[in-house]
Amino acid sequence: MVIVESPAKARTVGQILGSKYVVAASQGHVRDLPKSKLGVDVEQEFEPSYVVMKEKQKLLNTLKRAGDEAKEIYLATDPDREGEAISWHLLTAAQWQNRADQPKRVVFHEITKRAVEEAFQNPREIDMQLVNAQQARRILDRLVGYQVSPLLWRRVQRGTSAGRVQSAALRMVVDREEEIKAFVPVESWTLEAQLFRDTDPVDKKHLFTGVLHSIKGGKGRLTIDKEGDARNYQDQLEDAAYAVSDVRKREVRQRPAAPFTTSTMQQEAGRKLRFTAQRTMAVAQQLYEGLAVGEKGQAGLITYMRTDSPRASAPAIDEAREYVAKRYGKDYLPEKARMYSTRAKNAQEAHEAIRPTSIGRTPDSLKAYLSKEQLDLYSLIWARMLASQMADARSESTTVDIDAACKGSSTVYLFRATGSVLIFAGFRTLYLESRDDDEDGEGRQALPALAKGDGLGCEQLESLQHFTQPPPKFTEATLIKMMEEKGIGRPSTYAPTIGTLTDRNYVEKERNRLTPTTLGVTVSKLLTEYFTDVMDLDFTAKMEE
DNA sequence: CAGTGAGCGAGCTTCCGCTTGACTT
């Protein structure tokens, strides 16, 4: 008998191993600390007392019976800290440690025939160091959560809660709100000239924008704080003579984004599809478990959706590259396969990236079988994976320096115009990651072909007022991104944690922006004052160490 | 004897991370 965590995974592994094996799923943890009391004896070396989870009792009985009948037992839970602990709990709860034939631990990071077979050729014992690390994590979370929360019931109101992850996330939202409130906008001005080549007709098509950059021969960029200064420059530049003094071009390459992890998928589905993190996960779960597609029956459409790894398996990369070559041609295929690695803190990389189980299953071919939500998310996952193995996009970026010689004085000002033209779309043909800030960025304009010495005309010169902007409020997407960066929470908890913050009435969501409530601010302030260590954003990172 | 109110004790809220399914709307 082989035990994995997820039923869908059990099906796939079962197909790989064949009929001599029974593959069953534990459906996550089967034992935990008791719900109604602390369950940790602080006086006795923090001894935990575990109980079988109520909803898992029947399942555990079934697993135990099947295991007792089996010739051999393989514990094939996920290859991470929690998975190791699940194996140990299964072994202990089913009392298999007394068997003549000890259960063996096997691990694989991808569900391919090769990886699974290799795992079964290299079984090992349960790694108690890893199990103990999990127990420490569990006990610590319980101590913080179950001892600090009651304090809030007494001091603030009943039903409130605190915890290592939720309180750190709450603090980020509260701190951000404070930054926004304390923000003092700083005024600045720019001078923008609408220019044209003096051999061109003066119409909208031939105009381009140059921005006052510096005084020729002076050092550093000109900064203009006040309207009066801007007007002064504008007066000096009245009827100035403009001419190109320098043209610089360089090629800019843009690389595709890595295949999805849970965090990046939640962010991107939030931005592009307006899904909440919870919605994204529910739909992804449906795609993972598979749907009746065509005549082949049930098929898992994507790999596992709770992962912190952007790495795709070698066969999946090969398949994507073949598809790119065939559909887009050789120009769109990088010479070597692209490899991606995680930047996230505390990543355990137990699973692959989130990708289609078969690139050949195009979104178009699934249209008839999927709901709109399923199809939208699948299309995103499919395109993201394929694009990750496509060639860079290449643009030519041009910087033009323009002399503006003032009439009636010897002063020459330097204007600068920047432009960018896409030369080769590469992966952008298929997929472009959206950004959190809406601004498209300057310098995207297409410039006319300019050369040193070209005379220019100025159609219009205007002074523009600007203010520095406060940091933006968090959205679900940006909060999840920040949590992952700081190593707060795990793929399985990003969405539920945001749920907790809203359930507790700590934050409110309005037009996708997260704002702390009075209650949220009160709780965060109180915790920060009295539990500085727990509220320290580095607490989790330090715990990992 | 019925109604009222003070006083006391028991039970409840709560964590994070792994998983799906039962249940409600």
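Proteins come first, then strands; the chains are lettered A, B, ... in the order of their sequence lines, and each starts at number 1. None of the values given here were measured: they were computed from a predicted structure.
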* Asked: So which one's nearest nucleotide on DNA chain B is more toward 5', A:Ser167 or A:Lys9?
  -> A:Ser167
* Asked: Looking across every strand, which nucleic acid part, if any, lies under 4.0 Å from A:Gly489 by heavy atom: base, sugar-phosphate, or nothing?
  -> sugar-phosphate
* Would you tell me whether A:Tyr304 and A:Arg306 have side-chain atoms, one donor and one acceptor, within less than 3.5 Å of each other? => yes
* Got a minute to check which stems DNA chain B is part of, using Watson-Crick or G-U wobble pairs under 3.5 Å, three or more consecutive? -> none
* Would you please test A:Asp538 and A:Lys486 for salt bridge (charged side-chain N to carboxylate O under 4.0 Å, His left out) and show each step? => CA-CA 7 Å; A:Asp538 286 335; A:Lys486 300 272 181 191; 5.7 Å; no
* To do: Check DNA chain B against residues 141-165 of chain A and give the residues with a non-hydrogen atom under 4.0 Å, in numerical order.
  => A:Asp141, A:Arg142, A:Gly145, A:Tyr146, A:Ser149, A:Pro150, A:Trp153, A:Arg158, A:Gly159, A:Thr160, A:Ser161, A:Ala162, A:Gly163, A:Arg164, A:Val165
* Before accepting this row, confirm whether a basic side-chain N of the pair A:Glu352/A:Arg355 lies closer than 4.0 Å to the acidic partner's carboxylate O. => yes
* Side chains of A:Glu289 and A:Gln285: donor-acceptor distance under 3.5 Å anywhere? -> yes
* DNA chain B contacts made by residues 48-59 of chain A, counting heavy atoms under 4.0 Å -> none
* **Cationic N near anionic O, under 4.0 Å, A:Arg279 to A:Glu373** => yes
* To do: Given salt bridge (charged side-chain N to carboxylate O under 4.0 Å, His left out), test A:Asp68 with A:Arg65 step by step and report yes or no.
  => CA-CA 5 Å; A:Asp68 289 344; A:Arg65 223 173 306 127; over 6 Å; no
* Asked: Is A:Pro7 touching bases, backbone alone, or none of the nucleic acid, heavy atoms closer than 4.0 Å?
  -> sugar-phosphate
* Asked: Can you list the steps and then say if A:Lys113 with A:Glu117 is a salt bridge (charged side-chain N to carboxylate O under 4.0 Å, His left out)?
  -> CA-CA 6 Å; A:Lys113 198 162 163 51; A:Glu117 282 170 357; 2.8 Å; yes
* Structure fact -> Taken in chain and number order and not counting sequence neighbours, the residues that satisfy salt bridge (charged side-chain N to carboxylate O under 4.0 Å, His left out) with A:Arg137 are A:Glu82, A:Asp141
* Asked: Does a side chain donor of either A:Thr500 or A:Thr497 reach within less than 3.5 Å of an acceptor in the other side chain?
  -> no
* To do: Under the side-chain contact (heavy atoms from CB on, under 4.5 Å) rule, collect the residues that match up with A:Glu349, sequence neighbours excluded.
  => A:Asp308, A:Ser309, A:Pro310, A:Thr342, A:Ala347
* Earliest and latest nucleotide of DNA chain B, 5' to 3', sitting under 4.0 Å from a non-hydrogen atom of chain A? -> B:dC12 to B:dT20
* Asked: Starting at the 5' end of DNA chain B, which residue's closest nucleotide do you reach first, A:His351 or A:Arg138?
  -> A:Arg138
* To do: State, yes or no, whether a side-chain contact exists between A:Asp376 and A:Lys372 at a heavy-atom distance under 4.5 Å.
  => yes
* To do: Could you verify whether a donor N or O on one side chain and an acceptor N or O on the other, from A:Tyr50 and A:Gln135, lie under 3.5 Å apart?
  => yes
* Structure fact -> Only one of A:Lys20, A:Lys104, A:Arg99 passes salt bridge (charged side-chain N to carboxylate O under 4.0 Å, His left out) with A:Glu72, and that residue is A:Lys104
* Asked: A:Arg137 near the nucleic acid: base, sugar-phosphate alone, or nothing, with a heavy-atom cut-off under 4.0 Å?
  -> base
